[in-house]
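The structure displayed is predicted, hence computed values, not measured ones.
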Amino acid sequence: YRREELGIAEAGTFKYRGEEMRVEHILPKEAQWHGIPPETRATVLEYCTDRGIKLHRYFHHLNSSQAFALSLFVPFLEGDESSRVALLRSMGVEGDRTSWQPEHVPDKSEGTNVDAWWTTSNGAQYFCEVKLTESEFGAAADDGAHQQKLATIYSPRLQPHLRPERLEPKRFFEAYQILRQVWHAAGTEESFAVFLYPRQRDDLTKILEQVLSDIYTPLRERVIIVHAEDVLARLMEDDRCPNPMREYARRLAAK
């Protein structure tokens with residue numbers, strides 16, 4: 001893809017055990033924005049620059065989940081109504097988005113960010129975590145600071161919704177990234193946690209299913225798992241989605 005689609009001959013580098021190694025799927029740092037397809041590159045770059053979006057350390061890797069998320073959400077959710085609704089419909093979400101933000105910190109006291117957040121015209125809000133080639137969801141250290149957050153922030157909201165053993169520090173912190181998304185969804189009955197990742201990532205599905213088995217309904221029913229291939233396929237086949245955006249979905253699917 002780097003050589004044939006982007007025309008970038010030289011691979012970027014990765015520091016491993018103190019040495020700089022050239023790795024084929026990494027772009028040179030000066031070409032990092034080429035991880036965004038050319039049709040929307042200028043739009044996404046301008047959007048991120050204007051809003052001060054902080055790029056992840058490995059944004060210049062072609063398998064960057066942040067680059068994928070921005071490539072997907074910015075062009076569609078900043079587009080016209082038919083484009084916005086088409087993207088949400090592809091994820092099983094009804095209505096139009098009324099507001100949205102990538103890399104959003106929904107609760108300043110809790111302090112962590114979500115990959116994408118949006119509200120819809122029917123009054124719901126969604127907290128979305130995006131994975132691409134990561135092999136796991138993030139854990140947290142079982143230290144004093146996190147134990148304090150568990151006791152004062154997470155446990156009071158989650159206690160009615162989780163099996164007691166999942167709120168024990170060891171088990172909570174090993175599933176920290178998943179459970180903090182669920183914590184956001186537990187804030188109101190109109191809130192949902194979305195996990196977007198490739199269908200082939202059986203390892204992520206297995207982890208999610210283990211954690212979700214410890215969540216009681218109805219909160220469990222407000223956790224949505226959606227696969228990237230399915231989203232792009234639905235967009236490509238959606239005759240209500242504008243033709244240029246259907247073609248753009250094909251470009252993303254190819255990458």
Side-chain angles (χ1 to χ4, degrees), residues 32-33 35-36 44-61 63-78 84 87-88 91 93 97-120 124-143 145-150 152-158 172-188 190-198 201 204 207-208 211-212 219 222-226 228 231:
Q32 64 180 350
W33 284 100
I36 307 295
V44 176
L45 172 56
E46 181 181 10
Y47 180 91
C48 293
T49 302
D50 288 348
R51 290 159 180 79
I53 301 298
K54 184 179 180 180
L55 300 182
H56 293 176
R57 179 182 180 185
Y58 299 126
F59 179 78
H60 61 300
H61 292 206
N63 60 345
S64 163
S65 57
Q66 185 189 38
F68 170 69
L70 293 171
S71 297
L72 179 67
F73 286 112
V74 173
F76 280 94
L77 293 187
E78 287 295 305
R84 299 191 305 262
L87 177 61
L88 298 187
M91 294 189 288
V93 174
R97 73 110 178 106
T98 50
S99 59
W100 90 283
Q101 190 174 332
E103 304 294 343
H104 181 51
V105 180
D107 187 305
K108 297 299 188 290
S109 64
E110 190 267 342
T112 61
N113 70 311
V114 297
D115 294 330
W117 164 89
W118 66 87
T119 59
T120 61
Q125 68 173 331
Y126 295 80
F127 305 88
C128 183
E129 178 69 27
V130 180
K131 298 291 185 187
L132 198 57
T133 60
E134 296 93 335
S135 62
E136 59 188 6
F137 294 95
D142 186 1
D143 56 22
H146 283 101
Q147 290 172 6
Q148 177 73 7
K149 287 183 75 173
L150 176 59
T152 60
I153 295 177
Y154 298 121
S155 286
R157 181 182 294 181
L158 288 175
F172 185 88
F173 295 130
E174 69 185 14
Y176 181 67
Q177 191 173 47
I178 296 172
L179 290 172
R180 75 187 190 196
Q181 292 288 111
V182 173
W183 177 84
H184 286 302
T188 70
E190 294 78 33
S191 297
F192 298 80
V194 181
F195 294 91
L196 171 64
Y197 62 92
R201 300 313 308 271
L204 297 183
I207 295 169
L208 263 175
V211 177
L212 297 185
L219 179 58
R222 302 205 309 274
V223 178
I224 301 170
I225 298 174
V226 62
V231 168

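- Put simply, the side chain of R97 gets close to the backbone of L77: a donor and an acceptor are under 3.5 Å apart.
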*Apply side chain to side chain contact (heavy atoms under 4.5 Å, CB included) to the pair C128 and Q181, showing each step before the final yes or no.*
CA-CA 8 Å; C128 183; Q181 292 288 111; 5.6 Å; no

_Please evaluate residues E103 and Q66 with respect to the criterion side chain to side chain donor-acceptor pair (under 3.5 Å), reporting the C-alpha separation (whole Å), side-chain torsions for both, the decisive distance (0.1 Å), and the verdict._
CA-CA 9 Å; E103 304 294 343; Q66 185 189 38; 3.1 Å; yes

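- Relative ring orientation between H104 and W117 is described as tilted, the plane-to-plane angle lying within the 30° to 60° band.
- Note: H60 and Y58 have tilted aromatic rings, judged against thresholds of 30 and 60 degrees for the angle between ring planes.
- Judged by distance alone, with hydrogens and angles left aside, the side-chain atoms of T119 form a donor-acceptor pair with the main-chain N or O of S99 at under 3.5 Å.
- No side-chain heavy atom of R157 sits less than 4.5 Å from a side-chain heavy atom of E110.
- You'll find the side chain of R222 reaches within 4.5 Å of the side chain of L219, heavy atoms only.
- In terms of modelled atom types and a separation under 3.5 Å, the side chain of S71 and the main chain of I36 share no donor-acceptor contact.
- Using a 4.5 Å heavy-atom threshold, the side chains of I207 and F137 count as touching.
- Ring orientation note: the planes of H146 and F173 are nearly perpendicular, at an angle over 60° on the 30°/60° scale.
- One N or O on the side chain of E134 and one on the backbone of L132 form a donor-acceptor pair closer than 3.5 Å.
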